[in-house]
There are 2 protein chains.
Amino acid sequence: MRRSAGDHIMVIEKKIYSLGHQVADILSADILEGNIRGGDRLIEQELQARFGVSRSPLREAFRDLEKKGLVEIVPRRGTFVKLVTRKDIIDHFPVRAALEGLAAALAHRSLTDLERESMKRELAAMEAAVGAGDTGRFHAHHLAYHELFINGSGNPLLIDTLKTLRMQAMWHRFSYQYYQEDLQRSYRVHARILDMLLDPGADLSRLRELVEDHINRAVSNFLHYVEQHETSHIDKTLTRRGETR
Amino acid sequence: MRRSAGDHIMVIEKKIYSLGHQVADILSADILEGNIRGGDRLIEQELQARFGVSRSPLREAFRDLEKKGLVEIVPRRGTFVKLVTRKDIIDHFPVRAALEGLAAALAHRSLTDLERESMKRELAAMEAAVGAGDTGRFHAHHLAYHELFINGSGNPLLIDTLKTLRMQAMWHRFSYQYYQEDLQRSYRVHARILDMLLDPGADLSRLRELVEDHINRAVSNFLHYVEQHETSHIDKTLTRRGETR
DNA sequence: GTCAAGTAAATTGTCGACAATTGTAATTTC
DNA sequence: GAAATTACAATTGTCGACAATTTACTTGAC
């Protein structure tokens with residue numbers, strides 16, 4: 001069967017995705033779900049057979065994945081799925097914390113009324129989840145809560161940087177939901193944060209600090225979780241060595 | 001003349017650059033220097049003729065430039081050089097400030113003795129430049145000073161994020177050197193920062209704040225400069241409209 | 001048995017050509 | 001004369017093939 005250019009173009013909600021983009025999406029999911037392990041090499045011919053596309057869109061997909069921070073392209077040697085080391089995890093949190101702290105402070109003055117209402121709803125949903133002891137539900141609303149004030153910061157560069165950061169930290173997305181945390185305590189922090197966001201006279205430095213500390217505090221919990229569970233995309237070998245620099 | 005694959009590969013210091021990479025470098029410079037204006041479309045056939053390469057490496061170059069934030073690739077429509085608006089500039093500073101503040105605080109404990117010495121030297125060079133009234137020289141050493149504590153933070157993710165940020169803000173690199181600033185005052189701030197970096201008992205929050213404020217303060221100066229001078233890659237049209245969100 | 005050198009296979013880099021889409025200008029219709 | 005339609009040109013998306021390089025394996029020397 002001969003496949004001609006433009007064939008297989010998928011149109012979803014009036015958005016056109018090139019073959020390269022489609023392939024990148026599938027590969028992203030595969031990497032995130034652990035079907036493709038960290039350190040694995042993405043071989044063009046193999047994927048060419050799998051997806052039935054030529055190498056041009058494949059190579060574009062690789063660039064896409066590289067931009068997302070999921071793979072590393074080494075010239076003349078190939079494309080490799082990134083390994084996440086213990087230090088990568090440790091390094092991730094303070095950066096994310098600093099940026100989300102900033103986002104919260106900016107959101108304080110630029111949040112719309114609608115967004116403020118949405119945040120109240122997400123917080124209420126978090127409280128309900130705590131009551132029901134539903135960790136998965138809690139984290140879903142927790143995520144929505146954070147996204148609300150990030151997007152509400154009104155700073156597209158900041159929003160985009162945080163999005164990239166979250167994407168690069170794929171280990172985060174799949175592990176976060178399952179590690180145990182003091183939900184009650186987490187809920188109270190978010191209640192305080194929202195209080196400050198809604199209070200016109202709030203101290204912005206303290207607001208930032210609150211958000212920042214909340215995120216930084218998660219790192220130890222998270223590391224503890226990672227070391228106990230199997231997570232295919234996190235490198236356990238390097239995990240043992242204390243590389244502080 | 002027929003050109004075969006692998007021909008024209010350039011080897012610099014044992015690093016191999018593909019054609020795509022080389023093209024991306026040249027185009028980067030062109031965009032930064034304003035030879036290619038913001039909003040311009042990069043047409044493959046045109047550049048193909050100019051560089052004498054086929055479209056495959058060209059398209060890779062485009063992806064490279066997109067990753068650097070210099071262009072935007074719109075599917076089926078083309079690749080366009082990014083426009084920098086007044087709001088882009090305003091948004092850039094707080095993000096950069098937050099991250100550099102964090103970098104300074106991290107550097108406080110992870111800087112090597114060698115790096116501390118280098119920072120002293122850069123600061124001394126800045127002082128000399130102030131005495132000589134040499135703005136260009138001042139900013140060169142100012143840049144080196146900042147890079148020292150950023151790279152000395154020991155957090156590759158942070159270092160990389162800041163590098164990308166600086167790259168995206170190409171307007172910054174070419175304009176910064178020429179806008180007038182109170183060099184004397186700037187020098188004093190950097191002297192205080194270095195003092196704190198060298199003091200084992202320094203208050204890290206204050207150190208962060210100092211760095212952050214120093215960068216944030218620059219935004220008004222910079223905007224003032226931009227509005228007076230011609231800078232080819234900054235969009236003047238949108239510059240006039242107050243878009244706060 | 002281990003290391004070095006040479007050879008073959010696998011894989012990436014680049015190319016030119018065709019297909020599909022988008023933008024533009026001429027044409028038609030009201 | 002303005003708006004819609006159609007035909008054409010310009011441009012991007014995809015393909016398959018060849019060239020160059022890297023990798024793996026075999027062979028040979030010590």
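To find a chain, count down the sequence lines: A is the first, B the second, and so on, and within it residues start at 1.
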- Derivation and outcome, side chain to side chain contact (heavy atoms under 4.5 Å, CB included), residues A:V71 and A:I31: CA-CA 9 Å; A:V71 304; A:I31 294 172; 3.9 Å; yes
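We find that CG of A:L58 is positioned 14 Å from P of C:dT11, with the value rounded to whole Å.
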So which protein nitrogen or oxygen atoms get under 3.5 Å of nucleotides 9-12 of chain D's nitrogens or oxygens?
| residue | atom | partner | partner atom | Å |
| --- | --- | --- | --- | --- |
| D:dT12 | OP2 | B:E44 | N | 3.3 |

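A close approach under 4.0 Å does not occur between any side-chain nitrogen or oxygen of A:S56 and OP1 or OP2 of D:dT14.
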Tabulate below the donor-acceptor pairs under 3.5 Å that side-chain atoms of residues 61-70 of chain A make, not counting sequence neighbours, or state none.
| residue | atom | partner | partner atom | Å |
| --- | --- | --- | --- | --- |
| A:R63 | NH2 | B:E60 | OE1 | 2.8 |
| A:D64 | OD1 | B:R63 | NH1 | 3.4 |
| A:E66 | OE1 | B:K67 | NZ | 3.4 |
| A:K67 | NZ | B:E66 | OE1 | 3.4 |
| A:K68 | NZ | A:S28 | OG | 3.4 |

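If you check the side chains of B:T112 and B:E115, you find a donor sitting under 3.5 Å from an acceptor.
Scored by the ring-ring contact (aromatic ring centres under 6.0 Å, His included) test, B:F138 finds no partners at all (sequence neighbours excluded).
Considering only heavy atoms from C-beta on, A:L102 comes within 4.5 Å of A:L106 through its side chain.
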